[in-house]
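Quick caveat, the model's predicted, so the values are computed rather than measured.
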Amino acid sequence: MNLFILFHSGLFAPETSQSVLSISSGEDLLLLSLALLLLVGLVLVAAMAIYLLFILKRTLNPTATSQPAEPRTLWQRITGLRPLSQEKDLMMEHAYDGIVELDNPTPPWFMWLFYSTIGFAAIYLLIFHVIGSGDIMAQEYTKEMAIADQQREEYIKKVAGSINENTVTMLKDAKSVDAGKTLFTQYCTACHGEKGEGKVGPNLTDVYWLHGGNVKAVFHTITEGVPEKGMISWKKQLNPLQIQQVTSYVLSLQGTNPAGAKEPQGEKESSSVAMAN
């Protein structure tokens with residue numbers, strides 16, 4: 001049954017030519033280890049069957065052998081225990097208040113587990129650090145991060161692809177506005193000031209606008225820039241979703257009246273925010 005599962009899991013499938021040494025992840029190594037453990041289990045089961053067959057044969061024909069019977073039970077053999085009748089042979093020389101220490105060996109199951117961990121470590125060292133065909137944790141992390149970044153970019157392109165000057169709307173949720181603030185702080189404060197009060201660029205907190213104050217006009221201005229005034233086009237640095245976030249943050253500054261605000265420039269649009277909505 002175990003072999004049937006292994007064949008159907010693809011590990012021993014005849015059509016694959018992938019080598020065991022081509023293990024590329026911890027999951028592959030774990031699967032291989034489980035397969036080896038199952039193989040060892042099958043060998044033990046076979047040995048147990050042979051042993052039981054031998055016991056049955058000896059029971060049916062007691063004169064077939066003259067060797068003394070093994071006093072230990074099967075469980076005692078597996079666990080490394082000795083029968084009470086043999087404890088006197090295990091007594092050590094020192095004793096205290098009549099308490100005698102027995103020289104009991106380490107249970108075989110524990111030794112099997114110990115040796116299996118050594119074998120696992122040797123296989124791991126060989127595959128991941130000597131041959132180098134597997135990915136260690138740092139490499140797996142790098143690959144997973146690259147995949148995540150690619151998926152993120154694809155998601156952004158999918159979402160941002162539907163945003164343009166005709167479909168853009170003002171974002172009101174705090175997460176989007178905060179994202180716009182982060183981008184504004186990173187790219188816009190040099191010309192417009194930390195609070196949008198205006199420096200080289202115009203004041204963004206009053207109701208006067210040089211190129212329109214509704215959401216579509218601000219989106220267009222950020223996207224295409226104003227080359228004659230020294231403002232670059234940001235469509236190569238920011239995707240449409242990010243420009244929408246910056247636009248929403250800029251419009252959220254209306255009426256904040258920061259200290260040191262630059263004098264009004266452009267046309268008055270008293271209902272710019274309302275128009276943006």
Side-chain angles (χ1 to χ4, degrees), residues 1-12 18-145:
M1 184 62 182
N2 292 331
L3 286 175
F4 177 82
I5 295 173
L6 290 175
F7 271 109
H8 281 265
S9 66
L11 182 61
F12 295 147
Q18 188 177 12
S19 171
V20 173
L21 298 181
S22 64
I23 293 175
S24 59
S25 66
E27 288 79 4
D28 293 339
L29 180 59
L30 179 60
L31 184 60
L32 176 61
S33 301
L34 291 176
L36 292 176
L37 289 176
L38 288 175
L39 182 61
V40 172
L42 288 176
V43 172
L44 291 177
V45 170
M48 185 64 66
I50 295 174
Y51 172 76
L52 292 177
L53 181 62
F54 174 76
I55 295 297
L56 179 61
K57 182 178 179 182
R58 189 172 59 181
T59 303
L60 296 177
N61 187 13
T63 59
T65 177
S66 59
Q67 295 180 352
E70 169 62 56
R72 292 191 300 173
T73 63
L74 177 61
W75 174 249
Q76 287 175 332
R77 291 186 179 185
I78 295 176
T79 57
L81 298 176
R82 292 282 184 177
L84 293 177
S85 59
Q86 295 183 354
E87 281 194 350
K88 62 179 182 301
D89 300 330
L90 303 175
M91 290 183 181
M92 303 182 73
E93 294 180 356
H94 61 278
Y96 185 80
D97 282 348
I99 301 174
V100 181
E101 182 181 359
L102 301 180
D103 184 17
N104 277 316
T106 305
W109 66 267
F110 185 86
M111 296 305 298
W112 296 342
L113 178 63
F114 175 67
Y115 291 134
S116 64
T117 58
I118 295 177
F120 181 87
I123 295 173
Y124 184 91
L125 178 66
L126 179 66
I127 295 177
F128 287 88
H129 293 280
V130 177
I131 299 177
S133 62
D135 293 333
I136 60 176
M137 287 188 293
Q139 293 170 333
E140 285 189 3
Y141 173 78
T142 302
K143 287 185 177 180
E144 290 178 359
M145 290 302 296

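- Between Leu56 and Leu52 the shortest side-chain heavy-atom distance does not fall below 4.5 Å.
- Taking Gln139 as the reference, Asp135, Ile136 meet the side-chain contact (heavy atoms from CB on, under 4.5 Å) condition, with sequence neighbours excluded.
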Pairs under 3.5 angstrom only: tabulate donor-acceptor contacts from the side chains of residues 88-110 to other protein residues two or more places apart or in another chain.
from, atom 1, to, atom 2, distance (Å)
Lys88, NZ, Ser85, O, 3.0
His94, NE2, Glu101, OE1, 2.6

Throw together a table of side-chain donor-acceptor distances under 3.5 angstrom for residues 115-130, partners on residues two or more places apart or in other chains.
from, atom 1, to, atom 2, distance (Å)
Ser116, OG, Trp112, O, 3.2
Ser116, OG, Leu113, O, 2.6
Thr117, OG1, Phe114, O, 2.4

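- The CG atom of Leu42 lies 11.0 Å from the CG atom of Leu37; values are rounded to the nearest 0.5 Å.
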